[in-house]
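Working notes, structure below.
Nothing fancy with the numbering, it's 1 onward along the sequence. Since the model is a prediction, treat every value here as computed from it, not as a measurement. In what follows, every heavy atom counts, from backbone to side chain, and hydrogens, waters and symmetry copies are set aside.
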Amino acid sequence: YGVWIDYNYDGDFNDPEEEVFLPPGITSSTTFNVNFTVPYGVQPGPTRLRIVARQGNIPSSCGLYSGGETEDYTVILGEGPECVAATIPTGLSFEAPLLSWDVVPGATYDVRYKESGATTWIEINDIPYNYVNLPNLIFDQTYEAQVRSKCSEQQTSEYSTSLFFTIGYCDAGATSTGFEKIGNITFNTIDNTSTSTDGYEDFTNISTDVTIDQSYDFSALISNFDSADELIVWIDYNQNGDFTDTGEQVLFLTDNVNPMVGNITIPTSALTGSTRMRIRLLFPASTINRTPCGDSTYGQVEDYTVNIIPN
């Protein structure tokens with residue numbers, strides 16, 4: 001299931017605050033409730049609410065699918081509270097690429113950020129919500145960010161204390177230490193056996209060279225294999241620190257065979273150099289997570305390094 005609201009009336013649901021509810025997966029057929037808070041700063045008026053139920057995969061706000069349903073409704077957004085005092089924002093946190101902070105009721109915000117040690121700030125002004133996407137961040141770079149609140153141009157707080165953060169890959173794993181685990185990964189020159197029951201294993205010290213436009217066999221041997229097990233593989237082809245770009249999910253294996261096997265072709269568009277390969281094994285029960293980030297209940301996640309070389 002997924003729920004979206006077009007808070008800024010721009011005809012889409014792509015803005016980060018507009019994804020109201022999108023869990024990794026729901027297996028229960030019983031009724032569930034969605035609780036959300038309309039962000040401060042939205043303009044009052046009628047706008048679109050979209051609900052998508054999709055069978056067998058995590059839904060998106062747009063597009064077609066074979067099993068499920070989409071429903072649209074109209075919601076009326078009301079006036080927010082009046083800004084009484086422009087106080088210094090607190091509670092700054094960062095989860096790439098979103099910077100957020102505690103609400104100052106009724107206020108708008110200015111944000112400034114820079115690479116750690118730089119002298120020039122990048123400014124984003126008149127933000128209506130208590131969060132904002134920070135554009136053009138460089139992977140593996142440390143940044144400094146500050147926020148101030150405004151009731152008006154004449155009533156503006158001082159900037160907050162600095163939050164320092166580094167752009168890196170999201171965390172992923174499994175919470176159960178039992179049942180199915182990844183026993184061996186074979187991919188080109190990688191041939192790695194593991195007996196750990198940890199939910200996540202970092203094997204980025206293990207790498208292999210792969211050539212653009214070449215295809216390679218992939219094999220995952222599963223310990224305590226179950227016929228319902230699923231295996232998903234991503235490669236960060238554009239080296240931007242995530243696995244969400246088109247074509248970066250390179251395998252989705254669900255066949256009832258062990259080892260689980262597939263074939264990966266390195267695309268022409270891939271950047272040359274070292275990058276991350278992420279492998280998620282999961283059993284589709286309890287907390288189901290088919291994304292490259294976050295935890296599932298059962299399974300395991302392993303990371304490796306692939307070095308992409310030109311053809």
Side-chain angles (χ1 to χ4, degrees), residues 1-2 19 21-28 56-58 93-98 139-140 165-187 190-208 218-237 239-245 248-262 264 274-306:
Y1 294 89
E19 183 184 287
F21 181 73
L22 190 65
I26 295 176
T27 58
S28 174
N57 212 330
I58 296 174
S93 66
F94 180 79
E95 185 173 348
L98 199 70
F139 180 66
D140 221 18
F165 58 89
T166 302
I167 304 302
Y169 286 101
C170 60
D171 294 333
T175 56
S176 172
T177 58
F179 305 97
E180 55 275 280
K181 297 295 177 185
I182 300 171
N184 175 270
I185 293 296
T186 301
F187 177 61
I190 293 175
D191 185 359
N192 183 51
T193 298
S194 172
T195 59
S196 171
T197 60
D198 292 340
Y200 172 76
E201 292 193 275
D202 183 357
F203 292 120
T204 53
N205 61 316
I206 300 175
S207 65
T208 189
F218 176 94
S219 173
L221 181 67
I222 310 304
S223 304
N224 300 316
F225 178 74
D226 188 282
S227 60
D229 284 343
E230 301 175 3
L231 192 97
I232 311 173
V233 182
W234 296 267
I235 297 177
D236 181 14
Y237 283 131
Q239 300 177 28
N240 70 339
D242 64 47
F243 305 98
T244 60
D245 302 287
E248 293 189 335
Q249 180 179 300
V250 296
L251 287 177
F252 191 160
L253 305 176
T254 59
D255 296 334
N256 180 17
V257 293
N258 190 27
M260 307 177 80
V261 297
I264 298 172
S274 294
T275 192
R276 183 75 59 96
M277 177 172 70
R278 174 158 293 177
I279 303 163
R280 180 186 288 278
L281 168 69
L282 69 108
F283 176 78
S286 189
T287 301
I288 303 171
N289 185 358
R290 296 185 176 95
T291 74
C293 300
D295 290 338
S296 62
T297 299
Y298 304 109
Q300 193 173 44
V301 173
E302 291 185 353
D303 281 353
Y304 293 86
T305 298
V306 293

Indicate yes or no for a side-chain donor-acceptor contact from [X] to the backbone of [Y] under 3.5 Å, with no hydrogens or angles considered.
{"X": "Glu230", "Y": "Phe252", "result": "no"}
{"X": "Arg290", "Y": "Pro284", "result": "no"}
{"X": "Asp255", "Y": "Val257", "result": "no"}
{"X": "Lys181", "Y": "Gly299", "result": "yes"}

Non-hydrogen atoms of [X] and [Y] that approach each other most closely:
{"X": "Thr297", "Y": "Ala285", "result": "CB-O, 4.4 Å"}
{"X": "Cys170", "Y": "Pro292", "result": "SG-O, 3.8 Å"}
{"X": "Gly183", "Y": "Ser223", "result": "CA-OG, 3.7 Å"}
{"X": "Ile185", "Y": "Ala220", "result": "CD1-CB, 3.6 Å"}

Do the side chains of [Y] and [X] get nearer than 4.5 Å, heavy atoms only?
{"X": "Val250", "Y": "Phe218", "answer": "no"}
{"X": "Asp198", "Y": "Thr177", "answer": "no"}
{"X": "Val306", "Y": "Ile235", "answer": "yes"}
{"X": "Phe187", "Y": "Ile264", "answer": "yes"}
{"X": "Ile222", "Y": "Met260", "answer": "yes"}

I need the [X] [atom1] to [Y] [atom2] distance, nearest 0.5 Å.
{"X": "Phe243", "Y": "Gln249", "atom1": "CZ", "atom2": "CD", "result": "12.0 Å"}
{"X": "Leu231", "Y": "Ile279", "atom1": "CG", "atom2": "CD1", "result": "6.5 Å"}
{"X": "Asp226", "Y": "Glu180", "atom1": "CG", "atom2": "CD", "result": "6.0 Å"}
{"X": "Glu248", "Y": "Arg278", "atom1": "CD", "atom2": "CZ", "result": "12.0 Å"}
{"X": "Thr305", "Y": "Ile190", "atom1": "OG1", "atom2": "CD1", "result": "8.0 Å"}
{"X": "Tyr237", "Y": "Met277", "atom1": "OH", "atom2": "CE", "result": "9.5 Å"}

Does this structure show an ion pair linking Arg276 with Asp303, if we count only N-O contacts that are shorter than 4.0 Å?
yes

Is there a donor in the side chain of Asn184 and an acceptor in the side chain of Thr193, or the other way round, less than 3.5 Å apart?
yes

Residues Asp245 and Asn240: side-chain donor-acceptor under 3.5 angstrom:
yes

Where do Glu201 and Ser194 land on the side-chain hydrogen bond (donor to acceptor under 3.5 Å, both in side chains) test, with the steps shown first?
CA-CA 9 Å; Glu201 292 193 275; Ser194 172; 2.8 Å; yes

Test side-chain contact (heavy atoms from CB on, under 4.5 Å) on Val233 and Arg280; report intermediate values, then the result.
CA-CA 6 Å; Val233 182; Arg280 180 186 288 278; over 6 Å; no

Among Phe225, Tyr298, Phe283, which residue satisfies the ring pair (Phe, Tyr, Trp, His ring centres under 6.0 Å) criterion with Phe179?
Tyr298

Does the pair Asn289 and Asp295 meet the rule for a side-chain contact (heavy atoms from CB on, under 4.5 Å), with working shown?
CA-CA 7 Å; Asn289 185 358; Asp295 290 338; 5.5 Å; no

Determine whether Leu221 and Asn258 satisfy the following criterion, side-chain contact (heavy atoms from CB on, under 4.5 Å), listing intermediate values before the conclusion.
CA-CA 6 Å; Leu221 181 67; Asn258 190 27; 3.7 Å; yes

With Asp191, the side-chain contact (heavy atoms from CB on, under 4.5 Å) member among Thr186, Ile206, Thr208
Thr186

Could you check whether atom CG of Asp171 has more than 12 heavy atoms from other residues, nucleotides or ligands sitting under 6.0 Å from it?
no

From the list Asp242, Asp236, Thr204, side chain to side chain donor-acceptor pair (under 3.5 Å) partner of Tyr169 resolves to Asp236

